[in-house]
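A short worksheet on the structure shown next.
For the single chain, residues carry numbers from 1 onward in sequence order.
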Amino acid sequence: MTRCIGGYPALELKPQAEYHRQGIGLNSARCCLEVCLKARGVRKVWLPDFTCSAMLEPIRRLGIEYDRYGIGYDLEPVEVPDLADDEAFVYTNYFDLKRRTVIDLVCAMGHGLIVDNAQAFYARPTQSVDTIYSPRKFFGVSDGGYLYCDAHVEMPEATDESASRMLPQLKRLDTGAESGYADFRHSEETLDDMPPMRMSRLTRSILASVDYDWAAGRRRRNFRQLAEALDGINGLGHVTSRADDECVPMVYPLLVAEPQLRGRLIAEKIFTATYWPNVLEETSPDDPAHHLASCLIPLPVDQSLGRDDMLRIVETIKKNI
């Protein structure tokens, strides 16, 4: 592409360095999984029952067999299967709180393991262990994914284009989060069934401009503030209380038996996601994954928030349970 000279001013970003500059930059985490499975020649994949339905897109596109394994209330596999040479076991480092479990699985499974670090952007990959990341879970980009894989990877020829998906991020900055929510939903839908492409220039430029150390510090501080106030009433307190100084959590996962709490938080303009609605249809009510999908409230701890925001979250929860 010939560089244009002159004309209207461009968006000015401050390039520093991508955190995962050694990884393969693709257009989404699910596409990273597809490229990885294809490179490894995987015939069958084991997926946790507590995971996003988007993980099935590349598996179905490649025509690969898959099976589920259970996740317990410790967010760890209930049972680990014996893998054949052409099988892969995908494990999610939930909220970046399960680094120790990842290490244990690496020791047990080696090359058969694929680490899903979509919720753990700052967790470094283990050498020779396939690992995927989703930067849009942590930063203001609309797409993108990183893959670490030491097999021969067939890189896609096409490069993604992100400008049309960035409207929700721009609206949030200009007129507030609520004004861009419909655009955000639409932007998310455009990623469905998208084939693998190289990461867009826009996404790569934004990610190269992030102050990663500052963002990590804010997330850790926000998480600790919520943990100190809420671990005692949290059904996952045995997990959140063990977070060490290395982890950089995506959210603070609160598990409480209060079905109205999510709606009360939303009424106070405290927005939380649901992980994941598809799990309710794919599991029985007795499964831990079903309860997690129904009752887990991922409280925001992102770097745009501060101490007063965390205090507001805590106060809202304690007056509503």
- Message: When you measure from the side chain of Asn93 to the backbone of Asp116, do you find a donor-acceptor pair of N or O atoms at a distance under 3.5 Å?
- Response: no
- For Lys137, all residues meeting salt bridge (Lys or Arg N to Asp or Glu O under 4.0 Å), sequence neighbours excluded: none
- Go through Phe50 and Trp276 one step at a time and tell me if the ring pair (Phe, Tyr, Trp, His ring centres under 6.0 Å) criterion holds. CA-CA 7 Å; Phe50 187 49; Trp276 289 269; 4.8 Å; yes
- Message: Checking Arg262 against Thr272 for the side-chain hydrogen bond (donor to acceptor under 3.5 Å, both in side chains) test, could you report, in this order, the C-alpha distance in whole Å, the side-chain angles of both residues, the deciding distance, and whether it holds?
- Response: CA-CA 7 Å; Arg262 191 187 305 274; Thr272 65; 3.3 Å; yes
- Message: Between Gln225 and Asn222 (side chain of the first, backbone of the second, donor and acceptor by atom type, cut-off under 3.5 Å), is there such a pair?
- Response: no
- Message: Assigning hydrophobic clusters by single linkage (Ile, Leu, Val, Met, Phe, Trp, Tyr; side-chain heavy-atom cutoff under 4.5 Å), is Val106 placed with Val90?
- Response: no
- Message: Assess, by modelled atom type and distance only, whether the side chains of Thr131 and Asn117 contain a donor and an acceptor separated by less than 3.5 Å.
- Response: no
- Item | side-chain hydrogen bond (donor to acceptor under 3.5 Å, both in side chains) between Thr203 and Asp143, worked out | CA-CA 7 Å; Thr203 295; Asp143 47 60; 2.6 Å; yes
- Task: Taking atom types as modelled, find out whether His20 and Tyr148 have a side-chain donor-acceptor pair closer than 3.5 angstrom.
- Result: yes
- Of all residues at least two apart in sequence or in a different chain, which pass the salt bridge (Lys or Arg N to Asp or Glu O under 4.0 Å) check with Asp96? Arg99
- Tightest non-hydrogen contact, residues Ala243 and Phe223, listed as CB-CE2, 3.6 Å
- Message: Once you measure the plane-to-plane angle for Phe138 and Phe121, does it fall in the parallel (<30°), tilted (30-60°) or perpendicular (>60°) bin?
- Response: tilted
- Compare all side-chain heavy atoms of Met310 with those of Ile313 and state whether any distance is below 4.5 angstrom. yes
- May I ask you to check whether Arg201 and Thr159 show a side-chain donor-acceptor distance below 3.5 Å? no
- Message: For the backbone of Trp214 and the side chain of Arg218, can you confirm whether one donor and one acceptor N or O come within less than 3.5 Å of each other?
- Response: no
- Message: Less than 6.0 angstrom separating the ring centers of Tyr146 and Tyr19, yes or no?
- Response: no
- Item | Crowding at CZ, Arg312 (>12 non-hydrogen neighbours, <6.0 Å) | yes
- Give a yes or no on whether the ring-centroid distance for Tyr73 and His238 is below 6.0 angstrom. no
- Message: Less than 3.5 Å apart, any donor N or O on the side chain of Asp302 or Ser304 sitting next to an acceptor on the other?
- Response: yes
- Message: If we ignore hydrogens and angles and just use 3.5 Å, is the side chain of Asn320 paired with the main-chain N or O of Ile317 as donor and acceptor?
- Response: no
- Message: Whether the Glu76 and Thr101 side chains hold a donor-acceptor pair (N or O, under 3.5 Å, no angle test) is what I'd like checked.
- Response: yes
- Message: side chain to side chain contact (heavy atoms under 4.5 Å, CB included), that's the test. Do Val80 and Tyr69 meet it? Break it down for me.
- Response: CA-CA 8 Å; Val80 177; Tyr69 66 89; over 6 Å; no
- Message: I'd like to know if the side chain of Thr283 and the backbone of Val279 have a donor-acceptor N/O pair within less than 3.5 Å.
- Response: yes
- Salt-bridge contact Asp160-Arg204 (side-chain N to carboxylate O under 4.0 Å): no
- Message: If the test is side-chain contact (heavy atoms from CB on, under 4.5 Å), which one of Leu230, Asn234, Val251 qualifies with Leu299?
- Response: Leu230
- Message: Using side-chain heavy atoms (C-beta onward) and a distance below 4.5 Å, is His111 in contact with Asp150?
- Response: yes
- Return yes if some donor-acceptor pair links the side-chain N/O of Arg220 with the main-chain N/O of Asp245 below 3.5 Å, else return no. yes
- Message: Would Arg172 pass as a cation-pi partner of Phe184, given that its NZ or CZ must be under 6.0 Å from the six-membered ring centre and within 45 degrees of the axis?
- Response: no
- Within a strict 4.5 Å, meaning less than it, do heavy atoms of the Phe89 and Leu47 side chains meet? no
- Message: Can you confirm whether Val35 sits close enough to Glu154 that some side-chain heavy atom of one is under 4.5 Å from a side-chain heavy atom of the other?
- Response: no
- For the pair Asp287 (side chain) and Ser284 (backbone), establish whether a donor and an acceptor sit closer than 3.5 Å, ignoring hydrogens and angles. yes
- Side chains of Leu296 and Pro298: closer than 4.5 Å at any heavy-atom pair? yes
- Message: Whether the Thr190 and Arg165 side chains hold a donor-acceptor pair (N or O, under 3.5 Å, no angle test) is what I'd like checked.
- Response: yes
